[in-house]
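Count residues from 1 along the sequence. Just follow the structure's listing: the first ligand is 1, and inside any ligand the first atom is 1.
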Amino acid sequence: MRYLSTRGDAARPRFCDILLEGLAPDGGLYLPETYPQIDDTTLARWRDLSYAELAFEILSLYIDDIPTADLRGIVDRTYTAEVFGTPEITPLKKLDDGLYLQALSNGPTLAFKDMAMQLLGNLFEYELARRGRQLNILGATSGDTGSAAEYAMRGKRGITVFMLSPHGRMSPFQQAQMFSLQDTNIHNIAVEGVFDDCQDIVKAVSADLEFKRRWQIGTVNSINWARLLAQVVYYFAGYFQATASNAERVSFAVPSGNFGNVCAGHVARMMGLPIARLVVATNENDVLDEFFRTGAYRVRGSEQTHETSSPSMDISKASNFERFVFDLLGRDAQRTRALFGESVAREGGFALTGEDRDRIAGFGFVSGRSTHADRVATIRATFESSGVVVDPHTADGLKVAALLRRPEPMIVLETALPAKFAATIVEALGREPDRPVALVGIEQVPKRFKVMPVSADAVKDYIAHNAGQ
Ligand SMILES: *Cc1c(COP(=O)(O)O)cnc(C)c1O
């Protein structure tokens, strides 16, 4: 399988060439040249596979530059009951007739980002060893992504992580989760500023190409193709659990921010998985809902980006969205470049009209938005009707799923456990959420982190003294 850029770059790299990269050289995102098509016989055969076997089958359609036995080993090490809590890895829970929750949040950091990041850790370690290389991962986080990256990369040979977070601004639970890691290859840097300051430092360090090359700096952001590919697997796993035969169709409702999760659903559907609709659920940061309702994509400024009680969906633009628009436009790279490289950069967005807009429905996408009041009401109603406590992000998904349900089964993706977002659970239910046993008392574990001023030079200096090489 070869990969192309949504903006038309002439190179056609293979999987391992893009594994350690972010954007394509022309600023586009990588996608496979074609989506492998899954016929009925194959789908029937996959129905009985374990999660790891299914992941191997799907990944091997997209990865032809890792020997089969090695890829199988990587996948088997990643998707285990020890790491993800159950043998099903992403078990389905029935809430009501035809309404299911698919648990993607039983990994080490209790959020769905573990599903992809755990695989990425093992793929990185493998590929770096093969190339005799080191990688120093530099990132900024306000919560979920940073901890998922650290738990995936801890103790991995050839990898050192430098994770910037705003000092004193994460929840005590999130701080404890990240700062309690004692692994010597994990460096938590608490910046005396806000999240935007952390991101600016990452940008400034990455823009120093000489420094970046010298210290082999890389990232693990949500546009990485391997992360998206890992997420395709659980759409198949969810489908098989909700249906008895391949004649049935299901819909998925996906709490969305950067459009990574639901874009994996789009890829699964393009491969032929019988998905009726992909329901994009946003919170008050509704840039995606606006697009799917009107065809207009309008990036928000930071003053128009709301801080909500489903914080992992608080985005101003959706970094994976370009992938879908490329497919929507019949894979026209020139038009995709005009929209994202020019209109978004110059005017902050674009509006699709006529035939372009009419094509959206053919890809199965519909959308809706939810508010803080909706989340609280949904958490309460779900608990009262089924005894299940859901987190605020999953509540956004449930709320929008309820608005848009049709006869076919609906699977709502559970993207985090309620234990991570205690304040909203207390508001909705008047009590603290349960915590997985392993995390009881985590706030008391000694913390390892370094406080630093808002200074790219200070961070560079720290990296130069602590980098793996
Ligand atoms: C990251 C995240 C999301 C949003 O997923 P995208 O892939 O960015 O659309 C939703 N819920 C939780 C809990 C997350 O951590």
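Below 4.0 Å from some heavy atom of N258 lie the following atoms of ligand 1, by number and element: 6 (P), 8 (O), 9 (O). Atom numbering of ligand 1 starts at 1 in the shown order; those under 4.0 Å from a heavy atom of A416 are 13 (C). Against a heavy-atom cut-off of under 4.0 Å, S256 is close to the following atoms of ligand 1: 9 (O). Counting the atoms of ligand 1 from 1 in the order shown, those under 4.0 Å from a heavy atom of F259 are 6 (P), 8 (O), 9 (O). If you number the atoms of ligand 1 from 1 as listed, the ones under 4.0 Å from a heavy atom of G260 come out as 6 (P), 7 (O), 9 (O). Every atom of ligand 1 is numbered from 1 in the order shown, and the set under 4.0 Å from a heavy atom of P255 is 4 (C), 10 (C). The M313 neighbourhood of ligand 1 comprises atoms 10 (C), with distances under 4.0 Å to a heavy atom of that residue. Those atoms of ligand 1 that come under 4.0 Å of a heavy atom in K113, given as number and element, are 1 (C), 2 (C), 3 (C), 14 (C), 15 (O).
Residue, atom and distance of the protein heavy atom nearest to atom 9 (O) of ligand 1 are G257 N, 2.7 Å. For atom 7 (O) of ligand 1, the closest non-hydrogen atom of the protein is N261 N, 2.9 Å.
The only member of T415, T424, D396 that meets side chain to side chain donor-acceptor pair (under 3.5 Å) when paired with S310 is D396.
Judged by the 6.0 Å distance and 45° axis criteria, R323 is not positioned over the aromatic ring of Y3.
Of all heavy-atom pairs spanning P392 and R375, the tightest one is O-CD, 3.3 Å. Taking each heavy atom of L92 and Q241 in turn, the nearest pair found is N-OE1, 3.1 Å.
The aromatic rings of F324 and F259 are tilted relative to each other, their planes meeting at an angle between 30° and 60°.
Within a 6.0 Å radius of CD in E307, other residues, nucleotides and ligands contribute 12 heavy atoms or fewer.
Side chain of T145 to backbone of T141: no donor-acceptor contact under 3.5 angstrom is found.
Polar contact check, T415 against ligand 1: a nitrogen or oxygen pair lies under 3.5 Å apart.
R7 has no carboxylate O lying under 4.0 Å from a charged side-chain N of D26, or vice versa, which leaves the two without a salt bridge.
If you look at F112 next to ligand 1, the close heavy atoms, those under 4.0 Å, all belong to the side chain.
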